[in-house]
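Every value quoted in this text rests on a predicted model; they were computed, and no experiment measured them.
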Amino acid sequence: MLNQVNLIGNLAKDVDIKFMPNGTKVAITSIAVNNRVKKQDGTIKEKTLFIDIIAYSGRAEALEKYTQKGSRLRITGELELQQWEKDGQKHSKHVVSVNEFDFLDVKKGEANTINEEPVSD
């Protein structure tokens with residue numbers, strides 16, 4: 001079976017850091033992915049999809065340290081189902097668990113050495 005998600009977009013919000021009971025650092029944020037759709041009348045409509053992403057350990061560290069709202073990233077990960085109960089109600093949502101990512105922002109006049117290899121544990 002194959003469960004792989006590839007996305008390019010901009011962080012929709014700053015990274016929120018949490019810790020699991022075992023001390024593992026977790027980065028939680030979302031990425032905005034734009035898609036252009038040509039309508040029947042020939043006009044182009046841009047649609048934005050906001051996708052929750054989660055990263056653990058070293059990837060969480062790198063996202064916290066080197067990104068902010070608006071940062072452009074290429075993300076490869078797996079779709080994961082999160083389930084929880086709150087106030088007696090069951091909830092669930094899909095998130096992308098990040099396996100690797102590349103920073104796509106390059107500032108003028110600066111080499112982007114972080115971009116040469118995906119960050120991974």
Restricting to side chain to side chain donor-acceptor pair (under 3.5 Å), what partner residues turn up for [X], sequence neighbours left out?
| X | result |
| --- | --- |
| Asp52 | Lys93 |
| Thr24 | Asn22 |
| Thr43 | Asp41 |

[X] side, atom [atom1]; [Y] side, atom [atom2] - distance, nearest 0.5 Å:
| X | Y | atom1 | atom2 | result |
| --- | --- | --- | --- | --- |
| Ile53 | Phe101 | CD1 | CZ | 8.5 Å |
| His91 | Gln83 | NE2 | CD | 12.0 Å |
| Asp105 | Arg72 | CG | CZ | 8.0 Å |
| Asn10 | Gln68 | CG | CD | 11.5 Å |
| Asp14 | Thr29 | CG | OG1 | 7.5 Å |
| Glu100 | Ile75 | CD | CD1 | 11.0 Å |

Specify the closest pair of heavy atoms between [X] and [Y], including all atoms of both residues, with the distance to one decimal.
| X | Y | value |
| --- | --- | --- |
| Ser92 | Leu81 | CB-CD1, 4.0 Å |
| Leu63 | Ala55 | CD1-CB, 3.7 Å |
| Ala27 | Val15 | CB-CG1, 3.5 Å |
| Glu78 | Asn99 | CG-ND2, 3.5 Å |

### Query
Hey, is Arg36 close enough to Glu46 for a salt bridge, meaning N to O under 4.0 Å?
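Between Glu46 and Arg36 there is a salt bridge, with a charged N closer than 4.0 Å to a carboxylate O.
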
### Query
Are Lys25 and Glu64 within salt-bridge range, i.e. N to O under 4.0 Å?
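Glu64 and Lys25: salt-bridged.
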
Are the side chains of [Y] and [X] in contact, using a 4.5 Å heavy-atom criterion?
| X | Y | answer |
| --- | --- | --- |
| Ser71 | Tyr66 | no |
| Val26 | Ile17 | no |
| Lys90 | Trp84 | no |
| Val33 | Ile51 | yes |

### Task
Not counting sequence neighbours, which residues clear salt bridge (charged side-chain N to carboxylate O under 4.0 Å, His left out) with Lys69? List them please.
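Residues passing salt bridge (charged side-chain N to carboxylate O under 4.0 Å, His left out) with Lys69: none at all.
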
#### Entry: Exam field: side chain Arg59 to backbone Val98, donor-acceptor pair closer than 3.5 Å
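Checked: pair present.
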
### Message
I'd like to know if the side chain of Asn3 and the backbone of Leu79 have a donor-acceptor N/O pair within less than 3.5 Å.
### Response
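Yes, Asn3 side chain to Leu79 backbone: donor-acceptor pair under 3.5 Å.
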
### Query
If two hydrophobic side chains count as joined below 4.5 Å and joins carry through other members, does Val37 share a cluster with Leu49?
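Per the 4.5 Å side-chain linkage, Val37 and Leu49 are not co-clustered.
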
### Query
Which residues pass the side chain to side chain contact (heavy atoms under 4.5 Å, CB included) test with Lys45, sequence neighbours left out?
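If we apply the side chain to side chain contact (heavy atoms under 4.5 Å, CB included) test to Lys45, skipping adjacent residues, the hits are Lys39.
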
### Message
Tell me every residue that passes side chain to side chain contact (heavy atoms under 4.5 Å, CB included) with Thr48, counting only those two or more places apart in sequence or in another chain.
### Response
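Applying side chain to side chain contact (heavy atoms under 4.5 Å, CB included) to Thr48 gives Ala32, Asn34, Phe50.
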
### Message
Would Thr76 and Asn6 count as a side-chain hydrogen bond (donor to acceptor under 3.5 Å, both in side chains) here? Give the steps.
### Response
CA-CA 5 Å; Thr76 300; Asn6 295 297; 2.9 Å; yes

#### Entry: Leu7, Leu11, Asp102 screened by side-chain contact (heavy atoms from CB on, under 4.5 Å) with Leu73, the one that passes
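One option only clears the test, and that one is Leu11.
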
